[in-house]
Amino acid sequence: MSAIPAQKPWNPSILNLFPDLAELSAQEEAAAMAPDTDDQFPGQQAELSAVEQALIELLDGDGTDHHTGLRARLAREAGESGLLDVAYRTIDTRLGPLLLAATSLGLVRVAFAVEGHEEVLTDLAARISPRLMHAPARLDGAAQQIDEYLHGDRQRFDLGLDFRLASGAFRHNVLAHLQTIAYGSTASYAAVALAAGSPKAVRAVGTACARNPLPVVVPCHRVVRSDGSSGQYVGGPTAKQTLLRLESSGVAAQATST
């Protein structure tokens with residue numbers, strides 16, 4: 001039997017992303033040293049080798065373009081191997097850079113720069129899974145729809161949404177009602193509280209909007225104060241006014257065209 005080359009130690013940052021990788025690698029090494037059989041770790045060795053090779057090349061290779069391609073390959077292989085739980089990317093918009101994150105269930109987080117993207121990623125790793133990776137292609141659909149919306153070419157989103165970061169039945173009721181507020185329309189915090197089943201919970205509606213994990217897509221910007229003033233917004237007052245003006249202009253343009 002030929003000697004098995006000693007495996008390089010895994011980079012700690014990679015192990016943080018893929019906690020099971022070291023164990024799987026040890027199993028693959030054991031399989032390689034054992035007598036050949038057709039059913040030893042069926043399918044696992046080939047799958048893991050693809051991920052391992054991408055990781056090794058990423059750590060050892062040189063050149064930005066080389067690394068970009070390897071990262072894309074690594075994200076693809078990790079997803080296919082069940083090693084990627086949360087994919088994320090950032091997009092440049094008229095509201096500033098937005099962080100998008102998704103699970104297998106759908107879009108789970110949209111974050112403004114003022115929220116601190118690094119802090120948001122740390123929170124996602126803690127609350128959902130540390131197997132989190134920059135995988136832009138996984139979010140192409142969401143990125144395209146948000147871009148269309150912000151350019152006035154889309155009024156409704158057609159995306160799978162993962163609401164696991166919104167805790168409590170009341171908060172879920174609020175987020176569900178927000179999605180029924182029509183494009184270009186607004187509702188007061190009091191009206192949303194009533195629709196969510198707790199007429200006196202006006203402040204709780206404000207909290208639910210402030211902690212909405214999916215701003216822009218789940219339109220908490222359409223909730224305003226009873227006196228008509230815009231109120232607070234997770235992305236800041238300027239972002240809220242920008243979105244309200246965008247939708248108002250879109251409705252006006254649609255009315256003129258008809």
Side-chain angles (χ1 to χ4, degrees), residues 91 93-102 105-117 119-120 123-124 127-128 142 145-146 148-152 154-255:
I91 57 173
T93 75
R94 63 191 296 180
L95 304 174
L98 294 178
L99 172 71
L100 311 181
L105 298 178
L107 192 66
V108 73
R109 193 72 166 88
V110 176
F112 288 90
V114 295
E115 298 179 75
H117 288 172
E119 289 81 359
V120 171
D123 182 64
L124 289 171
R127 297 176 65 186
I128 298 180
Q145 290 195 28
I146 291 173
E148 291 170 352
Y149 165 75
L150 292 175
H151 281 88
R154 172 179 290 274
Q155 296 188 359
R156 297 180 64 87
F157 291 98
D158 182 21
L159 297 169
L161 302 177
D162 183 345
F163 287 102
R164 74 178 72 188
L165 295 176
S167 58
F170 179 75
R171 192 169 296 174
H172 277 266
N173 289 341
V174 169
L175 296 179
H177 181 69
L178 294 181
Q179 296 174 82
T180 70
I181 304 174
Y183 180 94
S185 301
T186 59
S188 69
Y189 291 96
V192 174
L194 179 63
S198 299
K200 296 182 180 180
V202 177
R203 286 192 176 183
V205 169
T207 300
C209 289
R211 296 182 179 176
N212 174 13
L214 295 164
V216 180
V217 175
V218 176
C220 54
H221 61 272
R222 295 176 191 162
V223 183
V224 299
R225 292 173 175 160
S226 296
D227 63 5
S229 58
S230 63
Q232 300 299 312
Y233 186 58
V234 63
T238 300
K240 187 169 188 176
Q241 287 294 334
T242 297
L243 292 172
L244 291 174
R245 285 195 298 268
L246 167 72
E247 295 189 2
S248 178
S249 298
V251 170
Q254 189 175 35

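Throughout, residue positions are numbered sequentially from 1 according to the sequence presented.
Between L175 and C209 the shortest side-chain heavy-atom distance does not fall below 4.5 Å. Side chains of V174 and V223 form no contact here, defined as non-hydrogen atoms less than 4.5 Å apart. Looking only at side-chain heavy atoms (C-beta outward), F163 and V108 stay at 4.5 Å or farther from each other. Using a 4.5 Å heavy-atom cutoff, the side chains of R171 and N212 are not in contact. Within the 4.5 Å cutoff, the side chain of R94 has heavy atoms near those of the L246 side chain.
By the 30° and 60° cut-offs, the orientation of the rings of H221 relative to Y149 is tilted.
Within a 6.0 Å radius of NE2 in H172, other residues, nucleotides and ligands contribute more than 12 heavy atoms. Surrounding CZ of R154 are more than 12 heavy atoms belonging to other residues, nucleotides or ligands, all under 6.0 Å away. No more than 12 heavy atoms of other residues, nucleotides or ligands shown are found within 6.0 angstrom of CZ on R156. Surrounding CD of Q241 are more than 12 heavy atoms belonging to other residues, nucleotides or ligands, all under 6.0 Å away.
Here L214 contributes atom CG and L165 contributes atom CG; the two are 8.0 Å apart, rounded to the nearest 0.5 Å. Rounded to the nearest 0.5 Å, atoms NZ (K240) and CZ (R222) are 12.0 Å apart. One finds the CD atom of E247 at 12.5 Å from the CZ atom of R245 (value rounded to the nearest 0.5 Å).
For F112 and Y233, the gap between ring centers is short of 6.0 Å.
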Practice prompt. Check step by step if salt bridge (charged side-chain N to carboxylate O under 4.0 Å, His left out) holds for R225 and D227.
Written response: CA-CA 5 Å; R225 292 173 175 160; D227 63 5; 5.6 Å; no
Item to complete: Verify side-chain contact (heavy atoms from CB on, under 4.5 Å) between R109 and I128, making sure each step is shown before the conclusion.
Response: CA-CA 11 Å; R109 193 72 166 88; I128 298 180; over 6 Å; no
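Looking at S198, its side chain never comes within 3.5 Å of a backbone N or O of A201 through a donor-acceptor pair.
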